[in-house]
S.K.: 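Have a look at this one.
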Amino acid sequence: MVQKKPKLNDFFEYTEEDLQAGRSALMRGWSSGVEPVFKIFVTAQGASLWDAEGNEFIDCTAQAWSNNIGANDPRVIEVAVAQTQDLTHLRSNYDSIPLLLMAKELAASAPGRLKRVSFCLHGSMAIESALKLAVKNRPNSGPLLTLYDGYHGRSVATMAMSWPHVNNDFNGLMPRVVRIPQPYHYRHALPGETPEQMARRCADMLRDTIRYGVNGKPAAFFMEPVQGNGAQLDFPREYYHYVRQVCDEEGVLLVWDEVQTGMGRCGTMWAAEYYGVEPDIIAFGKGVGGGFPLAGIIAREDLIGFEAGDDALTFGQFPVALAAGLMALRVMKEDNLLENCVRVGEYATRGLWKLAEKHPLIGDVRGPGLNIGIELVRDRQTKEPAAHEAMEVYRLGLENGVIFGTSRYGGIGNVVKIKPPLCITIDQMDRVLNVFDQILTEIEEKR
Ligand SMILES: Cc1ncc(COP(=O)(O)O)c(C=O)c1O
């Protein structure tokens, strides 16, 4: 075990008391109270993180699903340092070179008519950009439409668009939003209903809501192609196509929140490619900056675009993150990370279904690429959610060198997530599967 000394120590001296004072000062509005382990990590590389004692952890969360190309890629760090030395900040009245190059690359990466790009730093703000652009193109519109258990961020507007947050004190300030049931086949199918039939039924509900359920035609329907926060849920393939059809017929814009599914997580650059559907706007974030804050939207070229002032944010075009993002795109290609994502993702999914043969706790395994959710149940017949057990997987994972993700939507919280950096190797995935196997055995033996 190698003790890791943070580089920050070369610049700042501090004591354990200083850190404790920082802990007391922090309002932890961001992190979940369900995962009470406030651990300090000091370094990261690829799919691994190390704590101050030198313990290595395989990170199946890619740190909030953001380190898609791997943490601290030296090529990204090098270009970020170079850009930092040249220019860290520029007023949005001016263009930087990475701004223009990244806009070109992202426009080229997206399917069909998705050719116009705008940037910001957070997924929540990207969704707000999409919201503004939708309303600009559909003025005087009715409520926005989203899906049950969708998650779109934590700005005031995007909280309203997400699943009803338990302590959302800001509801009164919100845009009007109507939520539509999503095809969650494992849990909510009618008796005998096939995934395809459920997809049709849910798309019909979308159409009926647009026609009869709201006052004023909605500007847009926002959906995550794979719901991350909401149970790591992908939908029957037909659903994506039915939704596109309904939106076209009803004149409602289709916004795909690809903040999590973009940048290769499904084994294609965008989930839009994976499902063969062209949304009107894609929102991106998380992995796109190669570990730096970068988000934004890619919109259909024939939509009315933003005008000066519509979307001005002081740090919205952060040259360092844009340069890092450019290099992250190159690393994806150079290292064949999409292929690796498909290969290791399929390997993991096969391994998990094999584990399901011996662990009754595993109710369902789902998701394309390295976008994997495992729904834990106490009983496969009743599907009683095993939420406590999912938290135990998280806790015991940390004790065994693996950081598992968990889902907490709607208070159910019984889904374990495996969404590591796309550079994870088969050996590392074997370690994850072995630890998962061992933990489930331990939990099942205690019951
Ligand atoms: C699907 C989705 N949309 C939007 C967001 C918000 O992104 P950010 O936290 O960068 O504002 C997230 C964050 O988890 C997300 O998963």
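By convention here, the first residue in the shown sequence is residue 1. Indexing begins at 1, ligand by ligand and atom by atom, following the structure's order.
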S.K.: Mark yes when over 12 heavy atoms from residues, nucleotides or ligands other than R179 sit less than 6.0 Å from its CZ; otherwise mark no.
M.R.: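 Atom CZ in R179 is crowded, with more than 12 foreign heavy atoms closer than 6.0 Å.
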
S.K.: Heavy atoms only, cut-off 4.0 Å: how does Y151 contact ligand 1, side chain, backbone, both, or neither?
M.R.: both

S.K.: Is ligand 1 under 4.0 Å from a heavy atom in the side chain of K286, in the backbone, in both, or in neither?
M.R.: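 The part of K286 near ligand 1 is the side chain, not the backbone.
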
S.K.: Out of P293, G123, A126, whose heavy atom is nearest to atom 8 (P) of ligand 1?
M.R.: G123

S.K.: Considering heavy atoms of the protein only, find what lies nearest to atom 11 (O) of ligand 1 and give residue, atom and distance to 0.1 Å.
M.R.: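 For this ligand atom, the closest protein heavy atom is S124 OG, 2.5 Å.
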
S.K.: Short list, please: which atoms of ligand 1 are under 4.0 Å from a heavy atom of Q260?
M.R.: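 What qualifies from ligand 1 is 16 (O).
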
S.K.: Looking at D257, which atoms of ligand 1 are within less than 4.0 Å of one of its heavy atoms?
M.R.: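 Listed by number with element: 1 (C), 2 (C), 3 (N), 4 (C).
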
S.K.: Can you sort out which atoms of ligand 1 are near V259, meaning under 4.0 Å from one of its heavy atoms?
M.R.: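 Answer for ligand 1: 2 (C), 3 (N), 4 (C), 5 (C), 12 (C), 15 (C).
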
S.K.: Between atom CE of M125 and atom CZ of F315, what is the distance when rounded to the nearest 0.5 Å?
M.R.: 14.0 Å

S.K.: Does the ring center of F57 lie less than 6.0 Å from the ring center of F41?
M.R.: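 Yes: the rings meet the under 6.0 Å criterion.
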
S.K.: Exactly one of K419, Q260, K286, M263 should register a side chain to side chain contact (heavy atoms under 4.5 Å, CB included) with N68. Which one does?
M.R.: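 Only one of K419, Q260, K286, M263 forms a side chain to side chain contact (heavy atoms under 4.5 Å, CB included) with N68, namely M263.
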
S.K.: Just by distance, no angles: are the side chains of Q45 and S48 close enough, under 3.5 Å, to form a donor-acceptor pair?
M.R.: no

S.K.: Mind telling me whether W256 and Y275 have parallel, tilted or perpendicular rings, with 30° and 60° as the class edges?
M.R.: perpendicular

S.K.: Using a strict 4.0 Å cut-off to heavy atoms of E224, name the atoms of ligand 1 that fall inside it.
M.R.: 1 (C)

S.K.: Does the cation-pi check pass for R237 over Y274, that is, NZ or CZ under 6.0 Å from the six-membered ring centre and within 45° of its axis?
M.R.: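 Yes, R237 and Y274 form such a contact.
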
S.K.: Take every heavy atom of Q227, measure it against each atom of ligand 1, and state whether any distance is under 4.0 Å.
M.R.: no

